[in-house]
Amino acid sequence: MATGRETALPTDRELFDTLRGRLFTAVVGDVLDGAGFNRQFLPAQIRPLIPDMVVVGRAMPLLEADIDPARADERDAADFGLMLRALDDLKPGEVYLCTGGTPDYALWGGLMSTRALHLGAAGAVVDGFHRDTREIVALGFPTFSSGAYAQDQRRRGRVVDFRLAITYANGCRVAPGDIVFGDIDGIVVIPKDAAADIVAAALAKVDGEDLVREMILAGQSTEAAFKKTGIM
């Protein structure tokens, strides 16, 4: 029975603003480790196009697969699979999150960024290459990838499914609706059911780190500061 005293869960806007404005991936990752979520970072080679890009949003995962080169000239292999449908299905605040296939072609580009931006999407994170770098940077659309490579994915790869749980080569699993948070140090995934608690704990850890910083600046050793706070 409701008592009327329950604490309201933060809205997505509140969570996203807190992550973007007050937190960083390292502290969120530390808190996730402490909560038993030990494989929450995407592969380390996935980086922002420019250092100050930050992505925060709900995951819209997609699965990519290579097209058999022997069938590359067949009509049904000449499109992008479900990619265009998935792109058009992006909702405000969602992140296009793609893995699968081999790193032989670009998974994201300028026109895709234009469409995603128009739909209010929060960003794109692809486990592979992007292209049209200048266009994406000019749009200011948060994009993370393993690098720039102009080779088109058409006739080479296609999206085979979307809005499904995906698992990366390093063991990180992402389900639809999980929170994706990326900055210059990497991309961390916060399970949707734990998001409010993880963000609150990360804020507390940031306050603790500020205290440790003050202790060090006051002349205390790192060993002494760690013994007093458990933070380093």
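No experiment lies behind these values; they were computed from the predicted model shown.
Closest approach of Val189 to Pro191, counting heavy atoms only: O-CD, 3.6 Å. Ala121 and Phe141 get closest at one heavy-atom pair: O-CE1, 3.6 Å. Nearest heavy atom pair, residue Ala196 against residue Leu9, reads CB-CD2, 4.1 Å. The shortest non-hydrogen separation linking Leu49 to Ser145 is CD1-OG, 4.4 Å. The two residues Val188 and Gly29 make their nearest non-hydrogen contact at CG2-CA, 4.3 Å. Of all heavy-atom pairs spanning Val28 and Ala202, the tightest one is CG2-CB, 4.2 Å.
When side chains are defined from C-beta on, Phe80 does not count as touching Arg158, because their heavy atoms never get closer than 4.5 Å. Put simply, the side chain of Val55 reaches to within 4.5 Å of the side chain of Phe144, judged on heavy atoms. Residues Val180 and Arg58 are not in side-chain contact: their nearest non-hydrogen atoms beyond the backbone lie 4.5 Å or more apart. Looking only at side-chain heavy atoms (C-beta outward), Thr25 and Phe181 come within less than 4.5 Å of each other. A 4.5 Å side-chain heavy-atom check between Val206 and Phe24 finds at least one atom pair inside the cut-off. No side-chain heavy atom of Leu62 sits under 4.5 Å from any side-chain heavy atom of Met83. Using a 4.5 Å heavy-atom cutoff, the side chains of Arg173 and Tyr168 are not in contact. Here the side chains of Asp127 and Leu42 are not in contact, with every heavy-atom distance at 4.5 Å or above.
One hydrophobic cluster holds both Val125 and Leu164 under the rule that ILVMFWY side chains link at heavy-atom gaps under 4.5 Å. The cluster map of Ile, Leu, Val, Met, Phe, Trp and Tyr, joined by side-chain heavy atoms under 4.5 Å apart, puts Ile46 and Phe41 in different clusters. Placement of Ile216 and Val27 in two distinct hydrophobic clusters is found when ILVMFWY residues are connected by side-chain heavy-atom separations under 4.5 Å, directly or transitively. Linking Ile, Leu, Val, Met, Phe, Trp and Tyr whenever their side-chain heavy atoms come within less than 4.5 Å leaves Phe162 and Ile179 in two separate clusters. Residues Leu119 and Phe16 fall into different hydrophobic clusters, defined by Ile, Leu, Val, Met, Phe, Trp and Tyr side chains chained together at heavy-atom separations under 4.5 Å.
Considering CG of Leu139 and CG of Leu111, their distance stands at 9.5 Å, rounded to 0.5 Å. To the nearest 0.5 Å, atoms CD (Gln40) and CG (Leu32) are separated by 5.5 Å. Note that CG of Leu97 and CG of Leu63 are 11.5 Å apart. Values are rounded to the nearest 0.5 Å. Taking CD1 of Ile50 as the start and CZ of Arg47 as the end, the distance is 13.5 Å to the nearest 0.5 Å. Leu203 contributes atom CG, which lies 11.5 Å from atom CD1 of Ile198 (distance to the nearest 0.5 angstrom). Here the SG atom belonging to Cys98 is positioned 7.5 Å from the CE atom belonging to Met112, to the nearest 0.5 angstrom.
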Report task. Output, in order, the C-alpha distance, side-chain angles, deciding distance and verdict of side chain to side chain contact (heavy atoms under 4.5 Å, CB included) for Asp17 and Arg20. Result -> CA-CA 5 Å; Asp17 286 350; Arg20 185 179 291 106; 3.8 Å; yes
Report task. Might you work through the side chain to side chain contact (heavy atoms under 4.5 Å, CB included) test for Leu217 and Arg213, ending with a clear yes or no? Result -> CA-CA 6 Å; Leu217 290 173; Arg213 189 172 295 106; 4.3 Å; yes
Report task. Any chance you could lay out the side chain to side chain contact (heavy atoms under 4.5 Å, CB included) test for Val160 and Leu82, step after step, and finish with the verdict? Result -> CA-CA 6 Å; Val160 295; Leu82 298 176; 5.9 Å; no
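Formation of a donor-acceptor pair under 3.5 Å by the Lys192 side chain with backbone atoms of Ile190 is not found in this model. Using a distance-only test at 3.5 Å, with no hydrogens or angles considered, a donor-acceptor pair links the side chain of Asp132 to the main chain of Gly110. Looking only at distances, no side-chain donor or acceptor of Gln45 sits under 3.5 Å from a matching main-chain atom of Ser146. Asp178 places a side-chain N or O within 3.5 Å of a backbone atom of Ala175 that can act as its donor or acceptor partner. The backbone N or O of Lys91 lies less than 3.5 Å from a partner atom in the side chain of Glu94, making a donor-acceptor pair.
No side-chain donor-acceptor contact under 3.5 Å links Tyr149 and Asp104. With no hydrogens or angles considered, a side-chain donor-acceptor pair links Ser113 and Trp108 at under 3.5 Å.
Around the CZ atom of Arg115, the shell of radius 6.0 Å holds more than 12 heavy atoms that belong to other residues, nucleotides or ligands. More than 12 heavy atoms of other residues, nucleotides or ligands shown are found within 6.0 angstrom of CZ on Arg163.
Checked for salt-bridge contact, Lys205 and Asp30 meet the test: a charged N lies under 4.0 Å from a carboxylate O.
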